[in-house]
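A short write-up of the structure that comes next.
Just so we're on the same page: letters track the sequence lines, and every chain starts at 1. Since this is a predicted model, take the numbers as computed values, not measurements.
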There are 4 protein chains.
Amino acid sequence: MSKIEKNKKQKENSLYDAAYHLFTTKGIHNTAISDIVKKAGVGKGTFYLYFKNKYDILDKIILDKSTYVLSEAIKQTKEKEFNNFEDELLYFIDYIIEYLRKDRLMLKLIHKNLSWGIFKKAYKDYEEIHEIYSMFQSGYKNSSLSRDYIGKVLFMILELTGSVCYSSIILEEPVGIDEMKPVLFQTIRKII
Amino acid sequence: MSKIEKNKKQKENSLYDAAYHLFTTKGIHNTAISDIVKKAGVGKGTFYLYFKNKYDILDKIILDKSTYVLSEAIKQTKEKEFNNFEDELLYFIDYIIEYLRKDRLMLKLIHKNLSWGIFKKAYKDYEEIHEIYSMFQSGYKNSSLSRDYIGKVLFMILELTGSVCYSSIILEEPVGIDEMKPVLFQTIRKII
Amino acid sequence: MSKIEKNKKQKENSLYDAAYHLFTTKGIHNTAISDIVKKAGVGKGTFYLYFKNKYDILDKIILDKSTYVLSEAIKQTKEKEFNNFEDELLYFIDYIIEYLRKDRLMLKLIHKNLSWGIFKKAYKDYEEIHEIYSMFQSGYKNSSLSRDYIGKVLFMILELTGSVCYSSIILEEPVGIDEMKPVLFQTIRKII
Amino acid sequence: MSKIEKNKKQKENSLYDAAYHLFTTKGIHNTAISDIVKKAGVGKGTFYLYFKNKYDILDKIILDKSTYVLSEAIKQTKEKEFNNFEDELLYFIDYIIEYLRKDRLMLKLIHKNLSWGIFKKAYKDYEEIHEIYSMFQSGYKNSSLSRDYIGKVLFMILELTGSVCYSSIILEEPVGIDEMKPVLFQTIRKII
DNA sequence: TATGAATGAGCATTCATTCAT
DNA sequence: CATGAATGAATGCTCATTCAT
């Protein structure tokens with residue numbers, strides 16, 4: 001990577017970081033492009049060299065962050081040993097929940113879009129994301145269910161987890177995440 | 001209700017209807033207050049007599065419409081006879097799905113907000129909403145599970161349904177609702 | 001005064017008091033007619049039965065309050081005995097200063113308008129105001145100066161007092177009123 | 001100064017001039033930002049690049065114009081020769097009066113703000129302003145009065161002059177400036 | 001490539017005033 | 001006399017986007 005390339009990447013990253021920080025702390029609606037570039041320390045025009053508009057950078061951030069959470073979760077899961085698939089999956093889900101609980105601002109931003117990462121760009125780019133899919137498929141290796149069906153179940157479990165996290169952690173509705181977690185786990189156990 | 005009271009209610013309703021129509025067709029972001037009042041046929045200041053700002057009327061619309069969907073679903077369900085609780089619940093869920101499929105614009109508006117928050121608020125105001133809860137509790141009458149636990153399961157089923165509807169119907173991700181529905185139904189069957 | 005007349009006067013007074021309170025605490029610019037009527041507990045239309053607009057009631061308030069200060073000052077002065085005119089005038093001036101110091105909000109409102117404009121209008125309406133003029137003229141009874149000339153000097157002393165009070169009490173520029181007062185008194189002594 | 005810097009200064013100046021002209025002819029209250037930018041021939045956003053709001057530009061104009069009057073007065077005074085301090089001071093005051101009489105619109109704008117607040121601010125920025133202070137202090141060099149006391153007397157003379165100018169020239173109360181001037185001069189003579 | 005001054009359409013919001021009740 | 005719902009012109013201000021440097 002040439003020096004110029006490096007510099008470009010650096011500018012893009014600083015815009016990215018600035019936007020993430022402002023979106024999470026001030027809210028999307030209250031963050032203007034001018035705020036982002038000021039915080040990033042670059043010129044206003046520079047923003048448009050890297051992103052189309054506010055929602056372009058926002059989408060990229062959400063995608064990136066959700067993918068990151070999922071890939072971290074699978075990485076940690078893969079490093080452990082489990083007696084069975086159920087334990088493995090629940091460890092994976094628990095990792096996600098605990099991560100989001102610790103980073104409420106990120107959870108607020110990705111809202112209920114946590115399953116997105118799997119089905120979009122990330123699926124293609126990140127090696128780790130393949131693994132979650134593989135893990136899930138392996139867990140069902142003895143069943144007669146089709147690969148497609150199993151994929152959809154994974155999708156639903158992730159949607160459910162994302163939704164429950166948002167409700168329980170951000171809104172604390174109907175109850176906080178600590179009370180919700182056992183029910184969620186039991187439900188997932190039933191699903192698989 | 002006096003003539004003046006009637007007139008007020010009429011004004012509020014026309015604003016409400018105009019806003020709903022514009023939000024669903026043009027999008028929230030692209031709808032200005034001036035559009036709403038023009039369509040409603042009232043003065044601009046009148047809007048502020050009834051609503052604080054665009055998001056105030058939006059919230060009211062989302063709450064209202066979501067409540068309506070749920071209450072319609074329970075009403076229709078109660079009118080039918082079922083052999084067992086599972087069939088009853090799935091009919092209820094199916095009614096919601098089909099309703100949202102037919103009214104994609106409304107689904108887009110209520111996004112993934114068809115859930116507990118709404119449910120809880122609606123619970124206080126609408127008699128019908130009590131029934132869904134009763135129905136669900138009755139279905140579990142022979143189980144040893146606590147009422148609380150059962151309530152949380154209902155919450156999760158609603159969250160899951162809402163999330164899946166939005167993804168499948170609006171984004172068609174990972175697949176359309178027709179392909180998704182059997183998997184969702186099977187999943188709900190396992191949950192209960 | 002009939003009961004109806006009394007009621008009218010009462011409404012006018014409550015508007016007057018509400019406006020005075022809001023003008024002094026929130027500022028003229030930030031006070032709307034709707035604020036005034038809300039505080040006064042009357043209908044919006046009622047305001048226009050008694051006043052032309054915001055500046056109409058403001059002018060009346062300023063006139064009224066400034067007149068009150070001056071008339072109070074002369075009343076108190078007349079009740080005392082003095083060895084000479086100089087002492088009498090300085091007592092009068094001091095009374096004004098101390099009054100304004102205690103009611104900074106009123107001083108802020110009447111700004112630097114404590115002077116001839118007010119004085120002149122008040123002259124016609126309030127018996128007490130005649131007395132200050134008389135007092136001042138008497139003080140000069142042995143001089144060869146014309147009545148007109150003496151009137152102008154009184155005007156200047158009042159202008160100077162008003163200006164100094166505003167600067168010293170409100171802005172504390174160049175110094176506070178305590179430091180300023182001896183200089184002002186010495187200056188007035190030289191003038192007369 | 002680069003071309004771009006020059007252009008910026010030009011824009012600011014045209015806004016400044018436009019605002020001054022509109023404030024003096026139409027009044028502050030009746031001048032909208034849109035009027036200013038239209039007259040200045042710049043975009044609306046440009047205004048907010050240079051000024052916070054209407055009162056920001058107004059304050060700057062008042063400060064600037066008042067400073068200009070004072071600095072002009074001292075410049076002219078310094079160019080003349082005088083037999084004594086009294087003549088010098090009265091020439092200085094007279095210059096101010098005549099200037100304001102010729103430019104009534106400016107006088108109306110700066111109202112009764114021609115005084116210490118302005119003086120103090122200007123003191124830092126304008127070399128000429130130092131001179132008026134020096135002149136005044138020199139006039140008292142043989143007196144036993146403290147520098148502080150003398151400064152306060154200067155302050156009062158300026159306040160008095162400003163107040164009298166506004167009343168006599170703008171309101172013509174209690175009489176016009178021609179009739180008032182001899183009394184003012186005589187009063188100042190007595191003060192010093 | 002990078003900048004940031006300039007733009008002006010677009011928007012939310014206010015508020016004095018009216019007038020039917 | 002009193003009201004307060006309705007109005008809509010008026011206005012301040014924002015902000016995404018452009019483009020000359």
Would you say dA6(F) has OP1 or OP2 under 4.0 Å from some side-chain N or O of Asn7(B)?
-> yes

Rounded to the nearest Å, what distance is computed from the NZ atom of residue Lys38(B) to the C1' atom of nucleotide dA12(E)?
-> 14 Å

Distance, rounded to the nearest Å, where Phe51(C) contributes CZ and dT17(E) contributes P = 14 Å

Name the orientation class of the two ring planes belonging to Tyr166(A) and His111(A) (parallel below 30°, tilted from 30 to 60°, perpendicular beyond 60°).
-> parallel

Count the heavy atoms belonging to other residues, nucleotides or ligands that lie under 6.0 Å from OH of Tyr50(B), then report whether that count exceeds 12.
-> yes

Gap between atoms CD1 and C1', on Ile36(D) and dG8(E) respectively (whole Å) | 16 Å

Of Ile4(B) and Lys8(D), whose closest DNA chain E nucleotide lies nearer the 5' terminus?
-> Lys8(D)

Who are the side chain to side chain donor-acceptor pair (under 3.5 Å) partners of Tyr16(A), not counting sequence neighbours?
-> Asp64(A)

Counting a pair only when it is Watson-Crick or G-U and both distances are under 3.5 Å, which runs of at least 3 such pairs involve DNA chain F?
-> E:2-21 with F:2-21

Rounding to a whole Å, what distance do you find between Leu49(A):CG and dC19(F):C1'?
-> 12 Å

How does protein contact run along nucleotides 8-14 of chain F, one letter per nucleotide 5' to 3', with B for base contact, S for sugar-phosphate only, - for none, heavy atoms under 4.0 Å?
-> B---BBB

Side-chain touch Leu109(D)/Leu58(D), heavy atoms, less than 4.5 angstrom = yes

Roughly, in whole Å, what's the span from CD in Glu5(D) to C1' in dA6(E)?
-> 15 Å

Integer-rounded Å distance: dT13(E) C1' and Tyr50(B) OH = 18 Å

What are the two closest heavy atoms between Val42(C) and Leu15(C), and how far apart are they?
-> CG2-CD2, 3.7 Å

Side chains of Leu107(B) and Asp103(B): closer than 4.5 Å at any heavy-atom pair?
-> no

Glu12(C) CD to dA2(F) P, in whole Å, measures 11 Å

Do the non-hydrogen side-chain atoms of Asp56(B) and Lys60(B) ever get within less than 4.5 Å of each other?
-> yes

Side-chain heavy atoms of Ile36(B) within contact of Leu22(B), under 4.5 Å | yes

Nearest-Å distance, NZ (Lys11(C)) to P (dC1(F))?
-> 12 Å

For residues Ile33(A) and Phe51(A), determine if any side-chain heavy atom of one lies less than 4.5 Å from a side-chain heavy atom of the other.
-> no

